[in-house]
Amino acid sequence: MKLLFLACLSPKTGNHTTAERIRSHIESAGHTCELRDAAEFQSPAEVANLVSQNPPFEGALAIHLFRAGRLLLDIQVPFGVIFGGTDINEDVKVQQKLVVMEQVLLKARGLMQTSPSWSVSRKFAVAFTDKLKEEAELFLLSQSSKIYVQPQGIQTEVTEKFCWAEFLRSSGVSSQHVDELRVFLLVCGLRRVKDPLYLVEVFSEWHCENPLNVLVIIGPKIDPVFTEEFEAVVKRTAGVFLAQERSQQELHAAMKRCFAVVNSSVSEGMSAAILEAMDLGVPVLARDIPGNAAVVQHEFTGLLYSSPQEFVHQSQRLLSDHELRERVVRNGKRYVEQHHSLKQERETYQRLVDTLH
């Protein structure tokens with residue numbers, strides 16, 4: 001089966017990594033899956049034209065119901081959609097976007113009127129968590145399509161060609177005692193929904209009290225306007241540094257060496273960085289939002305905070321309570337092994353793609 005797969009493919013983002021992984025699952029079952037950046041297309045008509053070219057595509061897949069899913073509205077082949085997180089958490093608040101996303105989920109019913117051979121089962125929707133599924137059912141007309149829950153599959157790999165001291169120096173961290181530093185690593189693309197400035201002021205105050213505590217933020221520069229604002233703030237803020245984005249293997253190596261991995265997002269579908277940290281045996285400090293609380297159980301698989309001041313408090317607990325640190329690391333790794341199996345993810349998407357035949 002020849003499939004078109006649309007997703008937001010900004011380099012070195014969670015969306016890109018997830019899309020590549022799912023594409024690999026599909027192709028390992030013998031299908032052809034062409035992954036394209038949703039940003040390449042201006043309208044559903046462009047995608048419909050691509051799908052109908054010879055040899056035509058026989059099905060389609062999209063991550064993010066609005067950004068990519070809306071581009072499937074004119075195609076005449078079966079398709080599946082995967083909720084991205086911001087579509088259900090943020091875009092449903094905008095009436096114009098909500099209407100479009102409802103149309104995407106109702107597409108199969110519309111096609112049945114012109115294609116009698118279709119069945120409603122020849123379309124599917126996937127949510128990463130039960131919480132995202134519940135939100136989708138609350139805000140969208142999801143009765144036209146069953147929503148499956150499939151958490152992201154996680155597999156980490158650390159490169160041996162990685163120098164921690166060089167990584168810190170290149171990020172602007174200057175210290176004669178690199179091994180004594182307690183590096184908090186915030187992994188995110190530079191855009192407002194990830195809110196990387198949320199902790200900056202309070203963390204800087206904490207750093208001034210104890211210079212061994214540093215915050216390193218690493219991720220691709222997605223929003224140029226916000227990136228300029230962000231870089232200006234970081235340049236004048238003590239104890240907070242911006243690292244150049246790295247390959248996934250190098251990023252995982254940096255995560256493994258840091259004291260804790262941090263998430264400060266306003267909204268998340270399912271943070272791959274959180275799950276990767278757990279898999280690597282690194283404690284997680286995550287902002288208490290629904291997407292994070294769905295995978296981080298406070299004081300069991302990680303620590304949640306709801307304000308910058310509480311972040312410092314939870315960090316101090318992690319520094320002083322070795323039993324707490326060991327517990328969240330042990331349980332976090334076990335959680336990923338039990339609930340984020342790469343094998344299970346592969347089998348789920350292969351089975352769902354088979355329903356498009």
Side-chain angles (χ1 to χ4, degrees), residues 3-9 15 18-19 22 36-52 57 59-152 193 265-270 289-291 294 348-349 352-353 355-356:
L3 291 163
L4 175 65
F5 189 3
L6 299 180
C8 303
L9 299 180
N15 268 347
T18 299
I22 294 173
R36 299 284 293 271
D37 190 347
E40 293 180 29
F41 305 96
Q42 299 299 315
S43 68
E46 290 182 26
V47 174
N49 183 58
L50 173 65
V51 166
S52 62
F57 287 89
L61 193 64
I63 296 180
H64 199 287
L65 204 58
F66 182 74
R67 293 182 195 166
R70 66 183 178 84
L71 295 169
L72 304 180
L73 283 173
D74 287 353
I75 66 173
Q76 300 297 312
V77 296
F79 62 85
V81 291
I82 303 165
F83 300 125
T86 53
D87 43 8
I88 305 304
N89 293 330
E90 301 297 326
D91 290 342
V92 292
K93 301 172 186 176
V94 181
Q95 183 61 30
Q96 183 179 3
K97 293 181 178 180
L98 178 63
V99 170
V100 172
M101 292 191 289
E102 287 175 341
Q103 290 175 347
V104 174
L105 284 178
L106 288 169
K107 175 66 174 173
R109 179 179 294 173
L111 278 174
M112 284 184 66
Q113 297 172 0
T114 56
S115 304
S117 63
W118 270 54
S119 67
V120 172
S121 65
R122 294 187 73 189
K123 176 178 180 292
F124 61 82
V126 179
F128 292 139
T129 66
D130 289 314
K131 181 65 176 176
L132 271 182
K133 176 182 177 179
E134 291 169 7
E135 292 294 308
E137 290 171 340
L138 177 64
F139 289 110
L140 298 167
L141 302 177
S142 57
Q143 66 270 22
S144 66
S145 173
K146 181 176 179 181
I147 299 176
Y148 299 84
V149 176
Q150 175 54 55
Q152 291 193 51
V193 73
S265 297
V266 173
S267 171
E268 285 282 2
M270 176 172 283
I289 57 173
T348 295
Y349 283 105
L352 289 175
V353 166
T355 68
L356 298 180

Any donor-acceptor N or O pair under 3.5 Å, side chains Gln152, Thr18: yes
Can you name the side-chain contact (heavy atoms from CB on, under 4.5 Å) partners of Gln95, sequence neighbours left out?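 Scan of Gln95 (side-chain contact (heavy atoms from CB on, under 4.5 Å), adjacent residues dropped) gives Leu98, Val99.
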Do the non-hydrogen side-chain atoms of [X] and [Y] ever get within less than 4.5 Å of each other?
{"X": "Leu9", "Y": "Asn15", "answer": "no"}
{"X": "Pro151", "Y": "Met270", "answer": "yes"}
{"X": "Tyr349", "Y": "Ile82", "answer": "yes"}

With [X] via side chain to side chain donor-acceptor pair (under 3.5 Å) - residues at least two apart:
{"X": "Asn89", "result": "Ser267"}
{"X": "Thr348", "result": "Gln150, Gln344"}
{"X": "Thr86", "result": "His64"}

What's the verdict on side chain to side chain contact (heavy atoms under 4.5 Å, CB included) for Phe66 and Val94, showing C-alpha distance, side-chain angles and the deciding distance? CA-CA 11 Å; Phe66 182 74; Val94 181; over 6 Å; no
Run the salt bridge (charged side-chain N to carboxylate O under 4.0 Å, His left out) test against Glu40 and tell me which residues pass, sequence neighbours left out. Arg36
So which of Val126, Ile63, Leu105 actually passes side-chain contact (heavy atoms from CB on, under 4.5 Å) with Val81? Leu105
Phe79 and its side-chain contact (heavy atoms from CB on, under 4.5 Å) partner, picked from Leu356, Val104, Leu61: Val104
Write down the atom of [X], the atom of [Y], and the distance for their closest heavy-atom approach.
{"X": "Ile88", "Y": "Glu135", "answer": "CG2-CB, 3.3 Å"}
{"X": "Phe83", "Y": "Ala127", "answer": "CD1-CB, 3.7 Å"}
{"X": "Phe41", "Y": "Leu6", "answer": "CE1-CD2, 3.7 Å"}
{"X": "Gln42", "Y": "Arg70", "answer": "O-NH1, 4.3 Å"}
{"X": "Ala60", "Y": "Leu72", "answer": "CB-CD2, 4.0 Å"}
{"X": "Arg67", "Y": "Ala38", "answer": "O-CB, 3.8 Å"}

What pairs meet the salt bridge (charged side-chain N to carboxylate O under 4.0 Å, His left out) rule with one or both residues in residues 72-93, with sequence neighbours excluded?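 Sorted result for residues 72-93: Glu90-Lys93, Asp91-Lys97.
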Nearest 0.5 angstrom please: Tyr148 OH to Lys133 NZ, how far? 9.5 Å
